[in-house]
Amino acid sequence: MPSAEETSVNEDRSPRQERPEVAPTLRDSVARAGSELIGGPAGRRMLPDGSRRLTPVAVVALTAIGLFALGMVQKLPCYNWAWFRGTSSQYTHACYSDIPHLYLGRGFSEGLIPYFDRLPGDMQYLEYPVLTGLFMQVAAWISDIGFWLGISDGDVMQQEQLYWLVNAGMLMACTAVIAVCTARTHRHRPWDGLLVALAPAFALTATINWDLFAVALTAAAMLMWSRGRVLAFGILIGLATAAKLYPVFLLAPLLPLCWRAGKWREFFTASLAAAGAWLVVNLPVMLLAPEGWKKFYTFSQERGIDFGSFWLVITQRTGEPIDVKTVNDTAILLVVAAFIGLCVLTLTAPRRPRFAQLAFLLVAVFILTNKVYSPQYVLWLIPLAALARPRWRDFLVWQACEVMYFLGIWLYLAYTTGEKHQGLPPEGYQLAIALHLLGTLYLCAVIVRDILRPERDGVRTDGSDDPSGGVLDGAGDAFVLGRAARSEQEAARAAEGPRVEWGGRPGPGTEKEPQPTA
């Protein structure tokens with residue numbers, strides 16, 4: 001039977017123990033200063049008995065929807081005229097979006113079915129994964145219903161406007177899902193969801209493309225894993241990967257984490273479920289329209305160096321092109337090297353890293369080494385950053401870099417497309433690229449520091465282990481290496497106490513062997 005003291009220790013380490021809600025305004029100086037705008041840490045909307053009219057999750061969701069709406073307002077110059085009158089106007093107003101242009105360019109306005117119907121021009125087929133293609137097609141069907149109801153007449157401009165509005169409404173729903181899932185992933189830290197809801201880069205880039213659909217599925221997967229629902233996590237990751245490639249990288253950190261914790265069954269369950277869900281979605285299109293299905297993968301391989309990447313800076317500075325195959329192979333090697341490094345870090349760290357920390361790091365490496373770093377890719381990282389490093393100062397530093405890049409890319413495109421060359425020249429754009437790469441690297445650096453020095457990890461300051469870790473939360477170590485192994489051995493020796501070798505000479509610091517009495 002364990003002693004009362006041992007029982008108390010085990011209860012303290014239980015991952016299911018209810019902890020008080022963490023208030024960032026009481027722990028984070030930046031959050032505290034920002035809260036003065038709404039009445040200070042307690043807030044002006046607190047009822048006399050200390051209760052609240054809205055739950056934290058509801059506040060986060062409503063704030064996210066409000067900021068998304070402001071992002072739509074920011075696109076008004078383009079919605080009203082800049083998408084349709086000249087090329088450079090949509091860049092000078094920083095309100096570009098792929099959505100209205102691809103409505104015409106990918107055949108949705110003509111009723112063409114993605115992957116099955118060949119497109120006019122060089123693209124031939126839709127270059128998006130299957131589930132994103134379905135999302136785009138559903139929006140086109142809804143737009144057609146609006147056309148039949150008389151919401152829009154036959155004017156092409158009104159059709160594009162309606163299509164953008166329908167997509168914006170669907171993406172707003174995705175935003176609410178992301179906000180709610182992020183706020184609920186860490187049970188006792190719901191206010192960390194405000195990092196997502198108030199992220200300026202989120203509002204600015206939300207309607208550039210369809211990335212929020214995959215981000216919503218990934219956020220829901222993170223929530224399922226935090227609740228220990230391994231099968232649901234795997235299915236959602238598989239669906240998210242069928243909408244965008246990056247979610248599959250969330251499976252990779254689970255390998256060293258489950259290795260260290262001895263949770264192999266959970267790892268293989270999640271991986272097989274993800275593969276099965278991805279196959280169920282993709283298999284019909286693979287069999288019925290193989291040429292259209294593989295367009296996303298061939299386009300990804302053949303695509304040249306593009307905006308936002310350090311590869312573009314190299315080619316512009318040197319004036320020498322780089323072979324696409326060389327870039328692809330190098331990027332793959334860099335990601336593999338980073339994964340190996342994360343495995344070593346996981347197995348040697350003083351404490352097992354949190355799942356969100358490794359997920360952010362690996363997705364960030366994939367983006368940083370890629371041959372294109374589009375401005376909307378920041379959406380992939382924002383929910384993971386809120387879970388991995390919920391500190392307002394670091395988060396806002398990174399967001400400031402991303403906002404500067406958001407402005408930089410449109411000013412550069414205005415400079416290169418406009419006849420008067422008004423905007424940002426290549427040298428200025430290269431500085432903008434360097435700034436947003438360094439901002440992401442900065443956030444990676446502080447997360448690695450938190451892993452190496454877990455006492456600096458804000459999530460663990462209240463005694464938590466890994467609130468988003470699910471089956472990993474509070475689990476013991478089954479396999480460790482290096483410093484972590486030595487620390488465990490030292491802890492084991494300390495628990496055993498001084499050793500006595502009977503029949504031999506007592507060593508320093510040990511008690512003498514008791515002598516028998518007559």
Side-chain angles (χ1 to χ4, degrees), residues 72 75-91 95-174 206-214 242-245 281-303 306 372 374 376 413 417:
M72 293 178 64
K75 300 294 187 291
L76 274 180
C78 280
Y79 178 85
N80 289 328
W81 62 277
W83 285 333
F84 318 104
R85 301 178 188 172
T87 304
S88 62
S89 298
Q90 58 189 332
Y91 301 140
C95 53
Y96 173 84
S97 173
D98 287 327
I99 294 172
H101 298 304
L102 294 189
Y103 176 68
L104 293 178
R106 298 301 178 265
F108 293 104
S109 61
E110 301 174 11
L112 301 182
I113 303 300
Y115 314 111
F116 291 86
D117 293 334
R118 183 182 290 271
L119 301 173
D122 296 334
M123 188 56 68
Q124 296 183 339
Y125 294 100
L126 183 68
E127 73 278 22
Y128 286 84
V130 168
L131 215 52
T132 295
L134 178 61
F135 188 95
M136 299 162 72
Q137 182 61 68
V138 169
W141 285 333
I142 297 174
S143 300
D144 290 341
I145 293 174
F147 174 71
W148 293 333
L149 294 176
I151 298 176
S152 171
D153 57 25
D155 183 73
V156 173
M157 175 178 168
Q158 292 188 11
Q159 290 181 19
E160 291 186 44
Q161 289 173 326
L162 180 60
Y163 185 67
W164 183 83
L165 281 176
V166 170
N167 277 278
M170 295 168 66
L171 294 173
M172 181 182 285
C174 294
T207 57
I208 290 179
N209 203 279
W210 292 269
D211 295 65
L212 281 183
F213 181 44
K244 209 75 177 177
L245 181 61
V281 171
N282 281 269
L283 190 59
V285 184
M286 291 171 62
L287 295 177
L288 299 176
E291 291 298 318
W293 173 83
K294 69 180 182 181
K295 180 62 180 179
F296 165 69
Y297 302 97
T298 57
F299 175 75
S300 299
Q301 287 291 318
E302 297 168 358
R303 184 178 187 177
D306 214 330
V372 55
S374 298
Q376 71 270 17
L413 287 171
T417 58

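Count residues from 1 along the sequence.
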Report summary line: Here the pair of heavy atoms bringing Gly105 nearest to Leu119 is O-CD1, 4.5 Å
Report summary line: Test side-chain contact (heavy atoms from CB on, under 4.5 Å), reference Met136, set Phe213, Tyr163, Tyr103, output is Tyr163
Report summary line: To the nearest 0.5 Å, atom CH2 of Trp83 lies from atom OG of Ser97 at 5.0 Å
**Report entry** Heavy-atom side-chain contact between Phe299 and Met123 under 4.5 Å
**Finding:** yes
Query raised in the report: Any donor-acceptor pair under 3.5 Å linking the side chain of Gln90 with the backbone of Thr87?
Result: yes
Requested in this report: Could you go through the side-chain contact (heavy atoms from CB on, under 4.5 Å) check for Phe296 and Lys244 one step at a time?
Outcome: CA-CA 10 Å; Phe296 165 69; Lys244 209 75 177 177; over 6 Å; no
Requested in this report: Kindly indicate whether the side chain of Ile99, heavy atoms from C-beta on, has any atom under 4.5 Å from the side chain of Leu171.
Outcome: yes
Query raised in the report: Looking only at heavy atoms, which two atoms of Ala168 and Thr207 are closest? And how far apart?
Result: CB-CG2, 4.3 Å
Query raised in the report: Under a 4.5 Å cut-off applied to non-hydrogen side-chain atoms, are Pro114 and Phe108 in contact?
Result: yes
Report summary line: Rounded to the nearest 0.5 angstrom, the CG-CH2 distance for Leu283 and Trp293 is 9.5 Å
Query raised in the report: Can you tell me how far NZ of Lys294 sits from CG of Asn282, rounded to the nearest 0.5 angstrom?
Result: 14.5 Å
Query raised in the report: Have Tyr96 and Asp98 got a donor and an acceptor in their side chains that come within less than 3.5 Å?
Result: yes
**Report entry** Summary of disulfide bond (SG atoms under 2.5 Å apart) pairs that have at least one residue in residues 95-138, sequence neighbours excluded
**Finding:** Cys78-Cys95
Query raised in the report: How close do Lys295 and Asp122 get, heavy atom to heavy atom, and via which atoms?
Result: NZ-O, 4.5 Å
Query raised in the report: Where do Cys174 and Leu212 come nearest, in terms of heavy atoms and distance?
Result: CB-O, 3.7 Å
Query raised in the report: How long is the gap from CG on Leu126 to CG on Asp117, to the nearest 0.5 Å?
Result: 11.5 Å
Query raised in the report: Is there side-chain contact between Phe84 and Gln161, with heavy atoms separated by less than 4.5 Å?
Result: yes
Query raised in the report: Hey, are the side chains of Thr298 and Tyr125 touching, using non-hydrogen atoms and a 4.5 Å cut-off?
Result: no
Query raised in the report: Side chains of Glu291 and Arg118: closer than 4.5 Å at any heavy-atom pair?
Result: no
Query raised in the report: Looking at Thr417 and Ser88, what are the two nearest heavy atoms and their distance?
Result: OG1-CB, 3.6 Å
Report task. Look up atom CG in Leu288 and atom CZ in Phe116, then write down how far apart they are to the nearest 0.5 Å. Result -> 5.0 Å
Query raised in the report: If you look at every heavy atom in Tyr115 and Tyr128, which pair is closest and at what distance?
Result: OH-O, 2.7 Å
Query raised in the report: Roughly how far, to the nearest 0.5 Å, is OG of Ser374 from CD1 of Ile208?
Result: 8.5 Å
Requested in this report: Spell out, as yes or no, whether a donor-acceptor pair under 3.5 Å connects the side chain of Gln137 to the backbone of Ile113.
Outcome: no
